[in-house]
Every structure is written in structure tokens, then in C-alpha cells.
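Chain identifiers are assigned alphabetically (A, B, ...) following the order of the sequence lines, protein sequences preceding nucleic acid strands; residue numbering begins at 1 within each chain.
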Number of protein chains: 2
Amino acid sequence: MTKIVQIKQTRIQREKRLLIQKAALQVFSEFGLRGATLDKIAKACGLTKPNILYYYSSKDEIYAEVLQSLLEEWIRPLKDISENGDPLTEILKYVKKKLTMSKTKKQESKLFATEILHGAPLTQNILAGSLKETVDDKVKLLNKWISEEKIAPVDPYHLIFSIWSMTQHYADFDVQVYSLLNTKKRSRIFQDAEDFLLTFFTRCLKQD
Amino acid sequence: MTKIVQIKQTRIQREKRLLIQKAALQVFSEFGLRGATLDKIAKACGLTKPNILYYYSSKDEIYAEVLQSLLEEWIRPLKDISENGDPLTEILKYVKKKLTMSKTKKQESKLFATEILHGAPLTQNILAGSLKETVDDKVKLLNKWISEEKIAPVDPYHLIFSIWSMTQHYADFDVQVYSLLNTKKRSRIFQDAEDFLLTFFTRCLKQD
DNA sequence: GTCTATAAATCGATAGAC
DNA sequence: GTCTATCGATTTATAGAC
């Protein structure tokens, strides 16, 4: 697969590449890496196929760059969980932030999910590297809070997995979620989801 | 897309088609519909490409049949939640069953996830049909249990979504889960996950 | 930098021998 | 029923005019 190298760019070049990235994110998230074609990406951004390949050397390189810029954004909110705040409040803030991302960054969520689902061929290093570092760091913090009896005892790794899965579900499986709710509930999915999740995690983590 | 029609088959034909289905499930779940090729499926079951196309008229037909037989199996456990059992016990039994499926039916889970993620082109009808029927039925039951104060009040739709997302996460995102755990914790993922989930749902649903 | 035209590769599907 | 050979369509990527 393609390696990402940093190259000096003019302003115009940066803008065109961003235009292509935006279209590519949309197409890749809907069809996956192999279902996406340069024709679809070209149509989505109003350029021609050879013109896209003037800015990127291959389809794989576009995919790699889209994925790369997404991953950094994806890991960031976890880092914001602060040692200084109130434990339960910090965790609930993270849940809210992740749920908001499912609403506003649906394409990113789906692309990330597809990549992991298919074995994370381009992402393995990051998962085992910087993401693992951040997770291990927050696991330590959660364990500290548990030993101080500030939150109820629980496996911190699986707590993090549960936050990820429950919040991302509303982006990744949106078609299913919408199919199962009636019109009325459909219009307030994210309010209902937030109420549910905050209640759920509060009941599970609150110390008596 | 291809429509499924029931055709009379000899025993040999049934066996060959099952052989192909099994290989196809493996390949489709790893690469998706478009990433999968007949060559890969052929290699996986030890047949040649034209031989596969002797038993199936197209790649799409194989995909449709694999997905079809998976969907019935996928919906079934939800139906087993019984009105007659103890409410919390019934829900926890369902959680356990779904988690077990994530362990033993990983390929099926990934294929289903990929299908929904990409807009459920072949599955929409079933989602809005028989799955919605079953879900609505169980939502009524959960609401009944809530009004009888047998479980704590909670949005029943989102409760079901939370069970699905948290359990399926261990199949669909296995690469990520494994990357983040050390060897020791990796060997007991499913025990830890079960402990976590049962504790969590008990704390969330138990009436004081 | 952007285009049309086309080369090159991949892949689904078929023809036809056995 | 199964195979080899190949067609035809799609799609990535390049050549070369402007």
C-alpha cells in the first residue's frame, strides 16, 4: 500500500487536494475502498479523473491520506478526559462528545468502521501505537478513580469499548436505527440516545 | 440486484452450494461485496471460477443467498426473550447469547455490519419488515415490565441498540480490541466482556 | 494544469471441449 | 459437471495535445 510523504505544496495545490479529500471521504464511506471508483470521486468534486491523478498518484494514496487525517481527529477526544475534573462528569462529557461526533462526523465514523472491520490493513500500526498509548493512559486514570472509590469498580478497557460501541452505533448503523424507529422517535434520536446513555453510565458508575 | 428463487435441487447440488456459501461468507466478510472476487471464493473452496458459476448464476446471487440465510439466524435470538421468565434474567440471557454469537459467528457479524454500514441495499426490506415487527413486539414487552416496576425505566429501543452495539463490537472491531489489550487480557476477552456486560446491565436495570 | 484518448490490468461471465 | 480459454465490461493509470 501507499506510504504518505510530506511534500511542499502551493496554496492552490493544498486547496485542490482538500477538495478531492472531501469528495473521497464521502465516496469511500459509502462504498468502501474497493467499491469506490475514481469516476465517482471525480463526479463528486467536479474534476476529471486524470486531473485527480495529477494531484494524487493513485487511488490508494487518496484513501491513505483521508484515513490518516481522520485517525488523528478520532483519537483526540479521549485525550481530553481530565484527571482534574469530577470523574463521573469527565466520563459523561466524553460520552456526549463521542455521540455528537456520531451525528456530525457520520462519514468519518463509517470509514473508520469499514477499515477496522476489514482487518485495518493501513491502520494496525496506529491502533497498536498512539491509540494504545492513549487508551493505556486513560485506563490507569480510571483505575485510580476506582481505587479512590470515586466511581464504581468496572473493567476500564471494556468501559471504553462500551462507550465507543454505543455511541458509534448511531452513525455506523444509522440505516438500521432509522428503519426501526417511527417518524416521531426518528426526529429525536440523538436527544433520546443522549438521555439513555447518560442515565445508563450514571447508574453504572455512580458510587453509593 | 438478484432475486432469490427456490429451485429443486439434488443432494449433490445442495452440498456444492453449501460449500460455496461457506467460502463466500469467509471472503465477503473479509473484503466486502466489491472487494471479494470469484477467484478468491474459488480458491477458498477449491473449485474453479466457471464451476462456481455453474451452481450460481452470478456473484450477486451468491452474496444475496449468504446474506439471506444469515439474516434469519441473526434475528432469531431476540424472539426468544420470553414474557414468562424473570425480566432481568431474560434480558441478561439475551446479552449472553448475543455475546456468544460475536465469538462463534464473527464472519456473519462482520458481513451483516458491512451490509448495514453501506446502506443495506439488499436488507432494507427485512429491516423495516420482520426485524421491525420483532423489535416492536419486544419493546412492548419491555415497556410492560417497566410499568410493572420489574425493571428500571429506560428507553426500550435504545436499550436494544445498546445490547446489539456492545456485543457485536467484539466481533466487528476484533482487530482493534485485540490491538489494545495485552496478551494476558487478550486470552480472556470474552470472560471479561461477559462479566462487564452482565454487571453493567444489572446495575442499569435492577429495581431498588 | 486540464483535457481527450487510450493503454493495461482486473474481473465477471460465457463458449465449448471433454 | 468440470475444465481451459477467452470475451467484454469496468476501472486504474498514463500519454500527449492544448
Distance (rounded to the nearest 0.5 Å) between B:Asn125 CG and B:Leu131 CG: 12.5 Å
Please find the earliest and latest nucleotides of DNA chain D, in the 5' to 3' direction, that have an atom within less than 4.0 Å of any heavy atom of chain A. D:dT11 to D:dT14
Take the C1' atoms of the five end pairs on each side of the helix from C:dG1-D:dC18 to C:dC18-D:dG1, get both axes, and report the angle to 10 degrees. 10°
Apply side-chain contact (heavy atoms from CB on, under 4.5 Å) to A:Ala193 and list each qualifying residue two or more places apart in sequence or on a separate chain. A:Leu99, A:Tyr170, B:His158
List for me each residue that meets salt bridge (Lys or Arg N to Asp or Glu O under 4.0 Å) alongside B:Arg188, sequence neighbours excluded, and say none if there are none. B:Asp192
Hey, would you say the A:Phe173 and A:Tyr178 ring centroids sit under 6.0 Å apart? no
Mind checking what makes side-chain contact (heavy atoms from CB on, under 4.5 Å) contact with B:Lys43, not counting sequence neighbours? none
Strictly below 4.0 Å, N to O, side chains only: are B:Asp174 and B:Lys106 in salt-bridge contact? yes
Are A:Glu83 and A:Lys140 close enough for a salt bridge, meaning some N to O gap below 4.0 Å? no
Is the centre of the B:Phe196 ring less than 6.0 Å from the centre of the A:Phe161 ring? no
Measure the spacing between OG of A:Ser29 and NE2 of B:His118 and express it to the nearest 0.5 Å. 8.5 Å
Classify the nucleic acid contact of A:Tyr56 as base, sugar-phosphate or nothing, counting any heavy atom under 4.0 Å across all strands shown. nothing
Treat primed atoms plus P, OP1 and OP2 as sugar-phosphate and everything else as base, then score nucleotides 9-14 of chain C 5' to 3': B for base contact with protein heavy atoms under 4.0 Å, S for sugar-phosphate contact only, - for none. --SBBB
Might you work through the salt bridge (charged side-chain N to carboxylate O under 4.0 Å, His left out) test for B:Lys110 and B:Glu30, ending with a clear yes or no? CA-CA 8 Å; B:Lys110 286 187 176 191; B:Glu30 185 172 349; over 6 Å; no
